[in-house]
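First comes the structure, then the notes that go with it.
Everything quoted here is computed from the prediction, not taken from an experiment.
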Amino acid sequence: MGRDTIAEIITSIRNADMDRKKAVLITSTNITDNIVKILFREGFIENVRKYRQKNKYFLVVTLRRNTKRPYRNFLNLKRISRPGLRIYSNSERIPRILGGMGIVILSTSRGIMTDREARLEGIGGEMLCYIW
């Protein structure tokens, strides 16, 4: 049975955020690199760097801390499409998360991108996850 790398990174980040960890180590693949770049660009994580250990590459993701409310989680991530049930959407039917405050990460024919970028380019794709 194959591994769901997207669900693994979402779960790793969510668990580290709930456990108040400062950083989390994620296995580096093309998909995880692109998703983490989007999270960094959108401001959901503080820093990313690549780490090499015995010919394997990892991403060290530094999480952003919520300073106003120390007891609340900063990140909310939800996996949508999964290996057993793929969820696709065209550009007009991509949902808006919290009225545009959150993002949807899509896998399109032009690569992995956010919902805003997909709407601007007029393309749809597989909805990977919601982040708010």
Subject >> Connected-component partners of Tyr51 among ILVMFWY, side-chain separation under 4.5 Å >> reply: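 Tyr51 clusters with Leu25, Phe58, Val60.
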Original post:
Are Tyr130 and Val36 grouped together when hydrophobic residues (ILVMFWY) are joined by side-chain heavy atoms under 4.5 angstrom apart?
Top reply: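 Different clusters: Tyr130 never reaches Val36 through Ile, Leu, Val, Met, Phe, Trp or Tyr contacts under 4.5 Å.
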Original post:
Are Leu106 and Ile123 grouped together when hydrophobic residues (ILVMFWY) are joined by side-chain heavy atoms under 4.5 angstrom apart?
Top reply: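 Cluster IDs for Leu106 and Ile123 differ.
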Which residues pass the side chain to side chain contact (heavy atoms under 4.5 Å, CB included) test with [X], sequence neighbours left out?
X     : value
Glu42 : Ile38, Phe44, Ile103, Thr114, Arg116
Ile87 : Ile80, Ser81, Leu85, Met127
Ile35 : Ile6, Ile9, Ile31, Leu39, Ile105, Ile112, Leu128
Lys21 : Ala16, Asp19

Partners meeting salt bridge (Lys or Arg N to Asp or Glu O under 4.0 Å) with [X] (sequence neighbours left out):
X      : answer
Lys50  : Asp33
Arg119 : Asp115
Arg82  : none

Original post:
So Lys78 and Trp132, side-chain contact (heavy atoms from CB on, under 4.5 Å) or not? Walk me through it.
Top reply: CA-CA 9 Å; Lys78 183 178 181 186; Trp132 69 94; 4.1 Å; yes
Original post:
Between Asp4 and Arg79, what is the shortest heavy-atom contact and its length?
Top reply: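 Scanning both residues, the minimum pair turns out to be OD1-NH2, 2.9 Å.
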Subject >> Shortest non-hydrogen contact from Gly111 toward Thr108 >> reply: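 Answer, listing the atom of Gly111 first, then Thr108: O-OG1, 2.6 Å.
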Distance from [X] atom [atom1] to [Y] atom [atom2], nearest 0.5 Å?
X     : Y      : atom1 : atom2 : result
Arg20 : Lys22  : CZ    : NZ    : 13.5 Å
Leu75 : Met18  : CG    : CE    : 11.5 Å
Lys37 : Met113 : NZ    : CE    : 14.0 Å
Arg52 : Ser28  : CZ    : OG    : 12.0 Å
Ile10 : Asn15  : CD1   : CG    : 11.5 Å

I'd like to check the side chain to side chain donor-acceptor pair (under 3.5 Å) partners of [X]; sequence neighbours left out, ordered by chain and number.
X     : answer
Asn30 : none
Thr29 : Thr32
Arg41 : Glu117

Original post:
Does Lys56 reach the side chain of Thr27, with side-chain heavy atoms less than 4.5 Å apart?
Top reply: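 No, side chains not in contact.
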Original post:
So with a 6.0 Å cut-off around CE of Met101, is the heavy-atom count from everything else above 12?
Top reply: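 Not buried by this count: 12 neighbours or fewer within 6.0 Å.
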Subject >> Matching residue for Leu77 among Ile13, Asp17, Thr11 - test: side chain to side chain contact (heavy atoms under 4.5 Å, CB included) >> reply: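 Exactly one candidate clears the test, Ile13.
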Subject >> Residue pairs, two or more places apart or on separate chains, that pass side chain to side chain donor-acceptor pair (under 3.5 Å) and touch residues 86-107 >> reply: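 Every pair satisfying side chain to side chain donor-acceptor pair (under 3.5 Å) with a residue in residues 86-107: Arg86-Glu126.
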